[in-house]
Amino acid sequence: MSISGKSAAGTETARAEFLRLQDMLLAADIAYHQKDAPEISDADYDRAKRDYLSLLETHPDLAEIATWSEQVGAPVASGFGKITHAQRMLSLGNAFEDSDVADFDRSIRNYLGLGPDAALAYTAEPKIDGLSLSLRYENGVLMQAATRGDGSVGENVLANARTIADIPQEIPGAPAVLEVRGEVYMSHADFDALNARHAERGGKTFANPRNAAAGSLRQLDAEITRARPLRFFAYSWGELSEALAPTQTGAIARLKAFGFQTNPLTRRCDTTDALISHYKDIEAQRATLGYDIDGVVYKVDELALQARLGFRSTTPRWAIAHKFPAELAWTRLEGIDIQVGRTGALSPVARLAPVTVGGVVVSNATLHNEDYIRGLDSKGEDIRSGKDIRIGDWVQVYRAGDVIPKVADVDLSKRPETSEPYIFPHCCPECGSDAVREEGDAVRRCSGGVICPAQAVEKLKHFVSRAAFDIEGMGAKQVEQFHTDGWVKEPADIFKLAERYGTGLQQLKNREGWGDTSATNLFAAIDEKRNIEFARLIFGLGIRHVGEVGAKDLALHYLNWDALAAAADRARPAAVAHRAADEAEERERIKAQSEGRRAKVKETRDAATASCAVPTEAAAAWEDLTGVDGIGPTLGLSLSDAFANEHERAAFDRLLAELTVIEPDAPADDSPVAGKTVVFTGTLEKMTRAEAKARAESLGAKVSGSVSKKTDILVAGPGAGSKAKKAADLGIKTMDEDGWLALIGDA
DNA sequence: CAGCCTCGAGTTCC
DNA sequence: CTCGAGGCTG
């Protein structure tokens with residue numbers, strides 16, 4: 001089935017062949033995704049896909065009649081280029097209650113140092129339920145259209161954005177660089193018409209306008225997007241070569257003048273009461289707006305204040321989304337399954353009679369943990385007026401944040417008489433080991449450790465996941481298959497796959513789910529990751545409490561594997577002593593409680609530590625480890641345990657033998673205060689303490705509350721007292737607020 | 001030592 | 001996206 005002809009006659013043949021392949025792929029997708037029953041073998045599917053794509057390459061005109069595109073789950077080699085946002089596209093914090101809005105206002109006033117009665121204006125606008133899009137204009141010409149992606153890197157859907165009537169192609173008189181952000185959405189009327197059209201032709205229909213908009217915007221063929229009635233509201237901006245206006249309100253007016261649609265329900269509000277009242281207004285109009293909204297967004301109006309407030313790790317401090325109450329649905333709870341996670345956590349999942357909630361059919365929902373089923377929260381307080389959840393119950397389901405299905409409530413009047421309280425298993429459903437719940441812990445965990453196959457599989461899934469080794473073509477399914485076969489028991493085995501089983505690929509090729517291409521691609525993808533960044537390696541190990549951020553912190557501190565392993569080894573005696581002290585303290589607490597007296601915490605800890613005789617070297621290594629920003633005793637202990645466990649350590653060594661670790665660059669110092677420890681004391685007149693801290697940290701400085709030997713700079717305002725004196729005694733560089741601002745170039 | 005913020009680990013559906 | 005818990009700040 002090789003196709004190469006480009007002659008006129010060849011083109012006719014190519015066209016027919018193209019349509020044949022397209023039908024085959026579409027049918028196979030439907031069979032696979034909707035009926036869960038593949039009609040052709042994966043090898044045939046792979047071959048058809050490859051031929052289809054190569055035809056499309058040799059005959060670009062075929063794009064006009066192309067309707068098949070690779071689905072989610074296929075290798076990421078989609079037709080869209082990656083775009084790194086000049087300014088990150090963040091999400092918003094949420095408010096559900098009026099009191100959350102009051103908290104939002106209070107924390108802003110705190111941060112800015114404003115009293116409760118000082119003037120502070122906000123804007124309020126409907127939150128459109130669509131997809132956000134960032135449009136970049138250079139010298140007034142639309143150059144890029146990027147989806148949000150993970151917030152840092154999105155996809156360029158420029159060709160598709162150009163087909164949207166609400167998006168101007170050119171903006172005369174725009175700043176040299178103008179990034180406009182807003183929401184792509186589909187109106188109810190257009191959505192209904194589109195689905196009717198699709199249904200008529202026997203095509204698939206979309207579950208809701210949001211999915212329809214998302215599916216339309218991500219078409220590889222812009223002509224398909226053109227036929228979809230997408231719209232766009234502008235509400236924000238990214239990089240700008242010049243400011244649009246001094247206020248949010250003014251900036252939105254400018255965007256409107258540039259030719260964008262802006263939401264007519266956007267209002268400026270002077271008080272939180274005005275915000276809430278506008279929220280109620282919008283909520284009342286919700287059904288007649290003609291498009292989906294899921295709440296109201298509040299923003300600080302003054303842009304200078306927005307700049308001062310800045311951002312937390314994932315959300316701006318100056319904006320919040322006040323969400324409408326979630327849609328609810330009732331259905332029957334048919335069963336409760338227990339899943340075993342990577343750390344051994346047993347999580348109950350509700351199996352539900354399928355029900356539509358918020359435009360999506362839901363048949364699974366999380367039940368969180370043992371206590372949640374019983375009707376208790378983490379503090380042991382009643383959350384469902386005493387009602388537990390039982391199999392057979394009529395339960396109320398909603399999608400938390402309009403995404404994750406949750407079981408919220410139970411209808412006791414419909415409870416079967418024969419029903420009994422659910423008994424949470426006390427042993428692991430996968431390996432049979434005891435499942436224990438530690439004091440004060442909400443989760444029950446399988447104690448099987450290395451012998452539990454479920455934990456092993458989940459650890460492997462974690463290892464290949466996006467933030468860890470990110471091995472393309474090796475997803476959950478493949479990991480499960482390889483593990484069942486006994487080919488991959490631990491991460492190191494992944495790198496031995498080709499050598500052990502791949503000669504000629506014969507064994508793999510004959511398996512279900514594997515074609516020639518996918519096997520070759522997989523081995524290439526695996527080889528690619530033999531060179532791995534140190535932080536990804538640490539994260540990939542799956543040590544409890546060591547997540548993406550903790551792994552990065554450790555990588556930056558220790559720089560290479562040997563240093564990390566040596567630190568863990570050296571600190572071991574101190575780690576053991578720390579745990580002994582913890583346990584002694586726990587025993588003392590229990591004893592003190594039963595004797596009705598206060599626990600002697602400090603004495604107990606000291607005694608326990610003393611009896612362990614920790615060498616100074618170990619104590620120093622432990623101090624160094626737990627002194628890393630964000631690394632405390634819990635994480636330190638967990639790390640120490642992993643390296644001290646001989647099974648785990650041997651597995652680490654086997655893995656390391658397969659890899660070349662890319663070590664991080666030593667921290668750059670492009671700012672005069674990078675890496676310095678700074679203390680602020682006295683009254684600050686040009687900024688609040690929170691602001692000063694956030695600004696210093698953004699420049700790579702560490703801000704501390706007290707002066708010590710480690711302090712590099714003391715910034716002393718008027719009224720500085722003991723700290724200034726101590727700094728003088730220690731000979732620490734001291735400056736006033738202006739000196740600091742000059743140093744960091746913020747004068 | 002309490003209260004905040006961030007992180008980790010869990011989850012669903014497309 | 002949410003919850004719980006770890007770590008840091010005031």
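Convention: sequence-line order gives letters A, B, ...; per-chain numbering from 1.
Among the atoms of the strands shown, none is found under 4.0 Å from any heavy atom of A:Gly215. Within 4.0 Å of A:Tyr398, counting heavy atoms only, lies no atom of the nucleic acid at all. Contacts of A:Arg544 with the nucleic acid, taken as non-hydrogen atoms under 4.0 Å apart, involve only primed sugar atoms and P, OP1 or OP2. Residue contacts for A:Val349: at a heavy-atom cut-off of 4.0 Å it reaches the sugar-phosphate backbone alone, with no base atom in range.
Residue A:Thr634 places at least one side-chain N or O under 4.0 Å from the OP1 or OP2 atom of C:dG7. Between A:Lys406 and the phosphate of B:dT12, there is no side-chain N or O to OP1/OP2 separation shorter than 4.0 Å. Taking side-chain N and O atoms only, A:Thr343 has a distance below 4.0 Å to OP1 or OP2 of B:dG10. Between A:Thr626 and C:dG7 there is no side-chain N or O to OP1 or OP2 distance below 4.0 Å. Under 4.0 angstrom from either OP1 or OP2 of B:dG10 there lies no side-chain N or O belonging to A:Gln339. A sub-4.0 Å separation between OP1 or OP2 of B:dG10 and a side-chain N or O of A:Asn369 is absent. Dashed line: the shortest gap from a side-chain N or O of A:Ser347 to OP1 or OP2 of B:dT11 is under 4.0 Å.
In this entry the distance linking CZ of A:Arg445 with P of B:dA9 reads 9 Å, nearest Å. In this structure, A:Arg399 atom CZ and C:dC1 atom C1' are separated by 11 Å, rounded to whole Å. In this entry the distance linking CG of A:Leu635 with C1' of C:dG7 reads 10 Å, nearest Å. As a whole-Å value, the separation of A:Lys459 NZ from B:dG10 P is 11 Å. In this structure, CZ of A:Arg317 is placed 12 Å from C1' of B:dT6, rounded to the nearest angstrom. Atom CD1 in A:Ile404 sits roughly 5 Å away from atom C1' in B:dT11 (whole-Å rounding). The distance between atom CG of A:Leu352 and atom P of B:dT12, rounded to the nearest whole Å, is 10 Å. Remark: P of B:dT11 and CG of A:Leu346 are 10 Å apart, rounded to the nearest angstrom.
A donor-acceptor distance shorter than 3.5 angstrom exists from the side chain of A:Asn160 to the backbone of A:Leu217, with no hydrogens or angles considered.
Judged as a side chain to side chain donor-acceptor pair (under 3.5 Å), and not counting sequence neighbours, A:Arg399 has no contacts.
Along DNA chain B, the nucleotide nearest A:Gly341 and the nucleotide nearest A:Asn211 are compared for position; the residue whose nucleotide lies closer to the 5' end is A:Gly341. Both A:Pro405 and A:Ser107 sit near DNA chain B, but only A:Ser107 has its closest nucleotide nearer the 5' end.
Of the candidates A:Val355, A:Val410, A:Leu367, A:Val395 forms a side-chain contact (heavy atoms from CB on, under 4.5 Å) with just one, namely A:Val410.
Applying the salt bridge (charged side-chain N to carboxylate O under 4.0 Å, His left out) test to pairs two or more places apart or on separate chains, those with a residue in residues 331-358 of chain A are A:Asp337-A:Arg351.
Under the 3.5 Å distance criterion, with hydrogens and angles disregarded, no donor-acceptor pair is assigned to the side chains of A:Asn94 and A:His322.
In this structure, of B:dC13, B:dG8, C:dC3, it is B:dC13 that holds the atom nearest to the side chain of A:Val362. For A:Ala442, counting side-chain heavy atoms from C-beta on, the closest listed nucleotide (B:dT12, B:dG10, C:dG4) is C:dG4.
For A:Lys387, the NZ atom counts as densely surrounded, since its 6.0 Å shell holds more than 12 non-hydrogen atoms of other residues, nucleotides or ligands.
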